[in-house]
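We use all heavy atoms of the structure for the numbers below, so side chains are in, but hydrogens, waters and symmetry mates are not. Order of the sequence lines fixes the chain letters, A, B, ..., with proteins taken first and strands second; residue numbering starts at 1 for each chain.
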Amino acid sequence: MNQELFFYNSLSRKKEKFIPLNPPFVGMYVCGPTVYGEPHLGHARPYITFDVVFRYLTHLGYKVRYVRNITDVGHLTDEVEGTGEDRIQRKARLEKLEPMEVAQMYANSFQEKYDQLNILHPSIEPRASGHIYEQIAMIEKIIANGFAYVVNGSVYFDVIKYSKSNSYGELSGRVIEELIAGAGNERRVLEGQEEKRNKEDFALWKKASPEHIMHWPSPWSEGFPGWHIECSAMSTKYLGETFDIHGGGMDLLFPHHESEIAQSKGACGKPPVRYWIHNNMVTVNGQKMGKSLDNFITLEQLFTGTLLKQAYSPMTVRFYILQAHYRSTLDFSNEALQAAEKAYKRLTESYDLIGKLKTSASSTSDIKVLRQKCYDALNDDLNTAIVISHLFEAGRIINSVYAGTETITADDLKELKNLFDVFLFEILGMRYEKSAASGEDVSQLMELLLSLRAEAKAKKDFALSDKIRAELLKLNYAIKDEKDGTSWGRN
RNA sequence: GGUCGCGUGGCCGAGUGGUUAGGCAGAGGUCUGCAAAACCUUGUACAGCGGUUCAAAUCCGCUCGCGACCUCCA
């Protein structure tokens, strides 16, 4: 905690020094997925980004309560001719499954991908469907405070009234007058629009229509919660009325997060969040990867190589995401993934060499300065790309020592290993993928082959030694002749 | 139409006014029986035009191009 950490706060649009409300405790809420579809590459970005935030804060000694929800209700869809049908319900109807069965299926799928990407489990992973009571209670408070009204069993947030005493738009930079006048062009027609007092108002509770099968009792109607209330209710329940960090994708800034602020203030009279942190989008040919644009690639496809030039391992994907700063757009391409794959392999191969290095009385490079440089990069709004560049510098030093062009002390060697262990594995959350095959059998067989090859080489039977090398390569084992012996690894 | 942001060398991608980001790819070299790897060296990069400054990729203005949000979306 002796590090001075700065985050870019979307609320102030500035980098701000991070000071928790109640140190050493930190409350962090991240908008989790709506489980109605397969996780795609775009989803990986926020969960990896905030995983690193979680890991780093923990590393610094903070006691972090990290809440990431699963939205398995709510979120009206307007995809089905304005029927106001719940997204999960729609999917369920199409797949002829119980709605909660669909939600569970995709929640499992997300969980599996989180694990593969080495994303730590949050402290609490609440489901919206399990917090209907809390959402209703919050809506009641908002009504009691006069910021919401009931029409035909539905409840709407009164944005105009709220904005008289509060600034609706403080997060997204929206100006209420422009919301009213603006856009205009292709605003889609949502069901129940005519019930609202103002176009800008949004639903807190919707009365279920007869064909709507996901619904719960409430003081106003059999119905379901509105688009944004679940996050407000669950974050308040587990983190309090005001908490430290709220994260999510930039596309949630408006209206989702703006409305969360309004709801929380409308209910509790306090700003809910001190630091709003938003990650940028993954793009394809410069355009956002998204469900509605149908240009997304699922993580399953990525990991198995379906529809792609090749498969990319979860760690390749994680590394690729961490090589960019989280607030920049990141363009997807095979070339970019391939570059990331090679780059990470290079780094782990350097790491593997650490145990083989010979130490000297002095070091030719300043190792200790690298550690603070890595901290500096993380402290400056979580610049993982810069951390990685320093790790490459460390890798270069390792390789040079191994090649004999540089020297290192025993102390610095420890420091070097620690640098990788702490920054690459613990904080960036990369999983160590050993380049050599594990398994005693294989390595014993390999030693046998290599000794036979060494004999052939000694007899200058290069035809045979090259054949062994070539055949091994076909089996995906690469061997390298070095000064004192031959090393090998899986490709 | 409104709000916000971006435009960096073949590609991806950092860059807080002055000194090398980094990775991938390419070129040359060292090492090697040959490879591979590694190491060393190597690129007129900052959309365009003005301005501020001793000094700008970095600040300001304009122009062009692209994108995000304004509607479910990470």
Side-chain angles (χ1 to χ4, degrees), chain A residues 10 13 15 30-34 36-37 39-47 49-50 75-79 87 169 172-175 177-179 181-190 200 227 247-256 258 278-283 286-293 296 319-320 323-325 327-333 335-344 346-347 349-350 353 377 380-381 383-393 395-396 398-400 402-406 457 460 462 465-466 469-470 473 478-483 487 489:
Chain A
S10 302
R13 290 186 206 136
K15 283 183 194 172
V30 171
C31 287
T34 304
Y36 77 124
H40 61 72
L41 181 57
H43 294 109
R45 178 104 105 139
Y47 305 133
T49 298
F50 292 102
H75 284 237
L76 296 170
T77 183
D78 50 21
E79 288 170 17
R87 286 212 312 245
S172 59
R174 290 291 122 92
V175 181
E177 288 73 25
E178 279 157 3
L179 277 174
N185 35 357
E186 284 143 40
R187 253 184 180 240
R188 285 202 209 161
V189 182
L190 293 163
E200 300 65 39
W227 320 4
M250 273 186 189
D251 50 352
L252 297 179
L253 242 148
F254 190 91
H256 187 57
E258 193 70 63
H278 291 94
N279 63 276
N280 215 319
M281 302 292 108
V282 174
T283 59
Q287 200 175 38
K288 173 183 165 182
M289 179 180 287
K291 195 118 186 77
S292 52
L293 291 162
F296 62 93
F319 195 76
Y320 154 78
Q323 265 189 307
H325 183 84
R327 282 192 295 111
S328 299
T329 55
L330 175 59
D331 205 56
F332 167 81
S333 69
E335 292 69 26
L337 264 308
Q338 279 165 0
E341 182 179 54
K342 286 191 182 179
Y344 184 53
R346 191 175 142 88
L347 223 40
E349 284 179 350
S350 296
L353 287 177
D380 184 12
D381 196 26
N383 200 326
T384 55
I386 293 293
V387 174
I388 288 172
S389 79
H390 294 315
L391 291 173
F392 275 111
E393 169 65 11
R396 207 212 86 241
I398 291 167
N399 295 340
S400 293
Y402 188 66
T405 55
E406 290 204 33
K457 276 177 65 178
K460 298 213 183 288
F462 296 124
S465 69
D466 287 354
R469 182 169 62 194
L473 195 59
I479 61 178
K480 301 174 201 166
D481 288 332
E482 291 167 356
K483 279 205 192 76
S487 70

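Considering only side-chain atoms of A:Tyr47, the nucleotide from B:A74, B:C69, B:G15 that sits closest is B:A74. Nearest nucleotide to the side chain of A:Arg174, out of B:C69, B:A14, B:G33: B:C69. Nearest nucleotide to the A:Ala336 side chain, out of B:G15, B:C12, B:C69: B:C12. Nearest nucleotide to the side chain of A:Ala403, out of B:G13, B:G33, B:A38: B:A38. Taking only side-chain atoms of A:Asp466, from C-beta outward, the nucleotide of B:A74, B:C34, B:C12 with the closest atom is B:C34. Checked against B:A74, B:C12, B:C40, the side chain of A:His43 finds its nearest nucleotide in B:A74.
No hydrogens or angles were tested; on distance alone, a donor-acceptor pair under 3.5 Å links the side chain of A:Arg469 to the base of B:C34. You won't find any donor-acceptor pair under 3.5 Å spanning the side chain of A:Arg13 and the base of B:C4, going by distance alone.
Aromatic stacking of A:Tyr402 on B:A38: not satisfied for centres closer than 5.5 Å together with planes under 30 degrees.
Nucleotide B:C54 is matched to B:G18 when pairs are restricted to Watson-Crick or G-U wobble geometry with both distances under 3.5 angstrom. Nucleotide B:U71 has no partner under the Watson-Crick or G-U criteria, as no pair reaches both atom distances under 3.5 Å. Across every strand in view, B:U30 sits in a pair with B:A38 that passes the Watson-Crick or G-U test at under 3.5 angstrom. With a cut-off of 3.5 Å on both pairing distances, the Watson-Crick or G-U wobble partner of B:G5 is B:C66.
Residue A:His278 holds its NE2 atom at 7.5 Å from SG of A:Cys31, rounded to the nearest 0.5 Å. In this structure, the separation between NZ on A:Lys457 and CZ on A:Arg469 is 8.0 Å, given to the nearest 0.5 Å. Rounding to the nearest 0.5 Å gives a distance of 12.0 Å between CG of A:Asp466 and CG of A:Leu473. One distance of note links CG of A:Asn279 with CZ of A:Arg327; it measures 11.0 Å at 0.5 Å rounding. To the nearest 0.5 angstrom, A:Ile479 atom CD1 is 8.5 Å from A:Ser465 atom OG. In this structure, A:Leu293 CG and A:Gln287 CD are separated by 5.0 Å, a value rounded to the nearest 0.5 Å.
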Identify the pairs formed between an N or O of the protein and an N or O of nucleotides 6-10 of chain B at a distance under 3.5 Å, and give each distance.
none

Distances under 3.5 Å between protein N/O atoms and the N/O atoms of nucleotides 23-28 of chain B, please, pair by pair.
{"from": "B:A25", "atom 1": "OP1", "to": "A:Lys342", "atom 2": "NZ", "distance (Å)": "2.6"}

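Atom-to-atom, CG of A:Leu330 to P of B:C66 comes out at 21 Å; the value is rounded to the nearest Å. Between the C1' atom of B:A37 and the CD atom of A:Glu349 lies a distance of 8 Å, rounded to the nearest Å. Taking atom CD on A:Glu258 and atom P on B:U71, their separation rounds to 13 Å, with Å as the unit. In this entry the distance linking CD of A:Glu406 with C1' of B:U30 reads 16 Å, nearest Å. As rounded to whole Å, 14 Å separates atom P of B:A68 from atom CZ of A:Arg45. As a whole-Å value, the separation of A:Ile386 CD1 from B:A14 P is 9 Å. For the pair A:Leu391 CG and B:A21 C1', the interatomic distance rounds to 13 Å; values are reported in whole Å. Atom CG in A:Asn280 sits about 14 Å away from atom P in B:G67, given to the nearest Å.
The shortest distance between the side-chain N/O atoms of A:Asn399 and the OP1/OP2 oxygens of B:C39 is below 4.0 Å. Here A:His278 does not reach the OP1 or OP2 of B:A74: none of its side-chain N or O atoms lies under 4.0 Å away. Phosphate proximity of B:C34 to A:Lys457: absent, as no side-chain N or O sits under 4.0 Å from OP1 or OP2. OP1 and OP2 of B:C70 both lie 4.0 Å or more from every side-chain N or O belonging to A:Ser172. Side-chain N/O atoms of A:Arg396 include one lying less than 4.0 angstrom from OP1 or OP2 on B:C40.
Although no hydrogens or angles enter the test, the distance criterion places no donor-acceptor pair under 3.5 Å between the side chain of A:Ser172 and the main chain of A:Leu253. Proximity of a side-chain donor or acceptor of A:His43 to a complementary backbone N or O of A:His40 within less than 3.5 Å is detected.
B:U30 and B:A35 are spaced 16 Å apart, taking the C1' atom of each and rounding to whole Å. For the P atoms, the distance from B:C66 to B:C39 is 41 Å, rounded to whole Å. A distance of about 16 Å separates the C1' atoms of B:C46 and B:G65, rounded to the whole Å. Separating the P atom of B:C62 from that of B:G5 is a span of 14 Å, rounded to the nearest Å. B:A57 and B:G13 have their C1' atoms separated by 15 Å, given to the nearest Å. Using C1' as the reference atom, B:G23 and B:U8 are 15 Å apart when rounded to the nearest Å. With C1' as the reference atom, B:G9 and B:U42 are 13 Å apart, rounded to whole Å. Only the C1' atoms considered, B:G15 is 15 Å distant from B:C59, to the nearest whole Å.
A salt bridge does not link A:Glu349 with A:Arg346: none of the charged nitrogens is closer than 4.0 Å to a carboxylate oxygen.
Residue A:Ser333 is the one, among A:Ser333 and A:Cys31, whose nearest nucleotide of RNA chain B lies closer to the 5' end (criterion: closest heavy atom).
Using a 4.0 Å heavy-atom criterion, one finds that A:Met281 contacts the bases of the nucleic acid, with or without backbone contacts as well. Within the nucleic acid shown, A:Gly286 comes within 4.0 Å of sugar-phosphate atoms alone, with no base atom in reach, counting heavy atoms only. Residue A:Ser328 is classed as a sugar-phosphate contact, given heavy-atom separations below 4.0 Å to backbone atoms only. A:Ala324 comes within 4.0 angstrom of the backbone, heavy atoms only, and of no base. Across all strands, A:Val30 comes closer than 4.0 Å to no nucleic acid atom at all (heavy-atom distances). Within 4.0 Å (heavy atoms only), A:Glu341 reaches no atom of the nucleic acid at all.
Residues A:Tyr320 and A:Asp331 come closest through the heavy atom pair OH-O, 3.0 Å.
The aromatic rings of A:Phe319 and A:Phe392 stand perpendicular to each other, their planes meeting at an angle above 60°, with 30° marking the opposite boundary.
Side-chain atoms of A:Asn399 and A:Ser350 include a donor-acceptor pair closer than 3.5 Å.
The shortest side-chain heavy-atom distance between A:Arg396 and A:Glu406 falls under the 4.5 Å cut-off.
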